Amino acid sequence: MPRVARAESSSGSRVIAHIDMDCFYVQVEQRKQPTLRGHPTAVVQYNSWKGGGLIAVGYEARKYGVKRSMRGDEAKKVCPDIQLVQVPVARGKADLSVYRNAGSEVVSILARRGRCERASIDEVYLDLSEAAETMLAESPPERLESISEEALKSHVLGLHMDGVSTKDCVKEWFLMSNVHRRDKLLACGALIVAEIRLEVLNETEFTCSAGIAHNKMLAKLASGMNKPAQQTIVPFSSVEKLLEPLPIKKMKQLGGKLGTSLLADLGVDTVGGLLQFSEEKLQECYGINTGTWLWNIARGICGEEVESRLLPKSHGSGKTFPGRQALKTVYSVQKWLNELCEELYERLLCDLEQNKRIAHTLTLHASAYKLNDMESLKKFPSKSCPLRYGIAKIQEDSLNLFNAGLREFTSICSAKIKGSKQHEWAITGLSVSASKIVVIPSGTHSIMKYFHNQGQTCIPIKEPDGISTQNAASLSSSGNGCCVSLHLPGPEINTCENEAKTNLDMPCLNPYEDEIEVCKARFDFMFVNVLIYKDAFHMEKFTDNQDPFLSRMIQEEDRLTEKLLLSSSSGAENGLGSKLTQSHMDSHGPVLKSENQKRKFDKQKGTPSILRFFQSHNSSSFPEQDHVSTFQENEASSSGLQAINGSPGRKSTCSLVEDEFRSNAWNYKSDEIDPVVLNELPPEIQAEVRAWLQPQKRANTVKKGSSIIHYFSPTANS
DNA sequence: ACGGCTGATACT
DNA sequence: TAGTATCAG
């Protein structure tokens, strides 16, 4: 909750829109299956129990009294004609990817018009202040020869003095010239939103509703007032009358316990009721932040900014196991964790490919009860650890996290029963999630670029003003190979030729620190890619087994490499991009075998494409060399990577990669690093590199290591 | 011990 | 920070 409110009047009025898709899941299904249009429809989560649980209800069905959180059977009873569509199922669980992707479609349209915040899978905030100002300056409504039909259908709160709000009234309101400037801005905003909503409809076939107001809170309130497919405007003058009788539970954030205690403590059940309490009083009751926040929202004040964020901050995959489905063996837990991790990892790869983002933290949540314990109210603890890319690693780590949690869960409270049999616990819910997702800086979008960029290794590259990093490229999606990629128009963002620009959005830290962050992110990016390929390589042996997921994964990763390489200009020149993927599977790459014949890798048929890429890109003589050094020509001596490997002439990037491929037990010692090169690095980088060389704790011990090295920790405990 | 699944945020 | 709790839809 945004606890700091900005004075509304101090800096000119903002124009904020909240766009809310109408019964979104239903619309998505209706688009997929147009015969459903016009019929009472609901989306149910696959669940043979009682016909499944409704998670979205179309407006035709609502007329019959069908409600969310009814079971499918009840819905049928109330509305026998209802069409129940099932949510897609993958890996034994509901998969919401199609809806997520559909949401991305909408967001990419909205984002063209102003700062855009994806508030949920089907809700978006838009800051239209600039656009409205521009319109007011250049072509104000009163100078328009006509107001669009859609805009004329707007609802203007407070306009209708009880009863009739005709189109004429609305038209008059739009054209009113003797009104406060802030209302004219709202009118402009409403015209824009009407336009946007038509765009959305044309391009996606989805209808939405919208609220237009001076802040997020009011916009959100308004968007729900006239649904579906309508928009509602909240003029400043209508705020008091709107809020005064409004049940407190209708306000966002007050629908839960806080709202309840407001009634219990203060006897207040409408927003207007709050007005009688001083800010101090509210602070006494609910703390300084919440108190002030309450005081403000009662007056329609909400300074919360629209964040520029089109992508989610975390990904998660979870499932519940209610009743007797509860999991009672570690085995079954592991089985389900593996499924959940598969989905999560698929989405992570999507995010990496489409948005160039890397997640850094893996978290496991579980819910459980104890069988013998009378008080089974104990919570199963959440656990997290550094996230290592690679499906097997995520699966292993999540299981370790679970076991760590389970030990706490079982030990702390019920040490009483010593002969601990299997069934003292049961798991009713599992979820894995990935967070701390960071965008790789522009210019790092291919490994080639990294290596070609050497002279100026760590120049921070910023986006053009007004476009935040994570809005770059395309919108995330996930799941099932249907990675929708929607590119935003606008300024070129992804060129490494862009030099450092000043970023106005950021308070700009020490530029030097900034530089280091960019460096770290680049390391992360490259290493993650290498490791993904290592994993794909391992998986090759499974392709014969026709495991659909594994082979899909391999394809996925092939595509990723190809894209990355094609996107690199020099890769394209050499024709490497396409050659590489072709050669991925064939068997000409015994380059590594000289050293470690026993290693698993040597039994594989191919050389991982990334590695091969390194090889072929470089000296032509590479394959013959026994212990090769590469990239000598390309790299300036300031390369941080070289420093990790040692001196430029001795052991370089390629051999670092090789070593990683050769050895499951990755353990560089400090003495393998040329101290001269290490000392050339900026002090912070030196520190970081040295830190990498320390032994790292991992999931078992549940401690977060430094940003990069944990990717390299061996997979197995052995 | 059934509304399931997914996300954000604030507190500590 | 990691872990918990609350909220929303």
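The shown structure was predicted, so the numbers you read here are calculated from the model rather than taken from an experiment. Below, each value reflects all heavy atoms present in this structure, side chains not excepted, and no hydrogens, waters or symmetry copies. A, B, ... follow the sequence lines: proteins, then strands. Residue 1 opens every chain.
T260(A) pairs by the side-chain hydrogen bond (donor to acceptor under 3.5 Å, both in side chains) definition with K249(A), not counting sequence neighbours.
If you check every strand for non-hydrogen atoms under 4.0 Å, K220(A) touches sugar and phosphate atoms only. Note on R324(A): nothing from the nucleic acid sits closer than 4.0 angstrom, heavy atoms only. As judged by a 4.0 angstrom heavy-atom cut-off over every strand, I121(A) is placed among residues making no nucleic acid contact. Across all strands shown, K93(A) has heavy atoms under 4.0 Å from sugar-phosphate atoms exclusively, and none from any base. Residue S69(A) is classed as a base contact, given a heavy-atom separation below 4.0 Å to a base. Nucleic acid contact class of S317(A) (heavy atoms, under 4.0 Å, all strands): sugar-phosphate only.
Residue R100(A) places at least one side-chain N or O under 4.0 Å from the OP1 or OP2 atom of dT6(B). The phosphate of dA5(C) has neither OP1 nor OP2 within less than 4.0 Å of any side-chain N or O from K379(A). The side chain of K383(A) contributes an N or O atom lying less than 4.0 Å from OP1 or OP2 of dG3(C). Considering only side-chain N and O atoms, R118(A) lies nowhere under 4.0 angstrom from the phosphate OP1 or OP2 of dT6(B).
Side-chain proximity of R309(A) to the nucleotides dG3(C), dA1(B), dA8(B) is greatest for dA8(B). Closest approach to the I55(A) side chain among dG3(B), dT6(B), dT4(C) is made by dG3(B) (side chain taken as heavy atoms from C-beta onward). Ranking dG9(C), dA8(B), dT4(C) by closeness to the R68(A) side chain, first place goes to dG9(C). Side-chain proximity of N289(A) to the nucleotides dC7(C), dC11(B), dT4(C) is greatest for dC11(B).
When each of S384(A), S382(A), S431(A) is checked for a side-chain hydrogen bond (donor to acceptor under 3.5 Å, both in side chains) with H365(A), only S382(A) meets the rule. Of the residues listed (K356(A), K313(A), R357(A)), the one engaging D351(A) in a salt bridge (Lys or Arg N to Asp or Glu O under 4.0 Å) is R357(A), and it is the only one.
In this structure, G53(A) and L96(A) both approach DNA chain B, and ranking their closest nucleotides by distance from the 5' end singles out G53(A).
Going from the P atom of dC2(B) to that of dG9(C) covers 22 Å, rounded to whole Å.
Within a 6.0 Å radius of NZ in K281(A), other residues, nucleotides and ligands contribute 12 heavy atoms or fewer.
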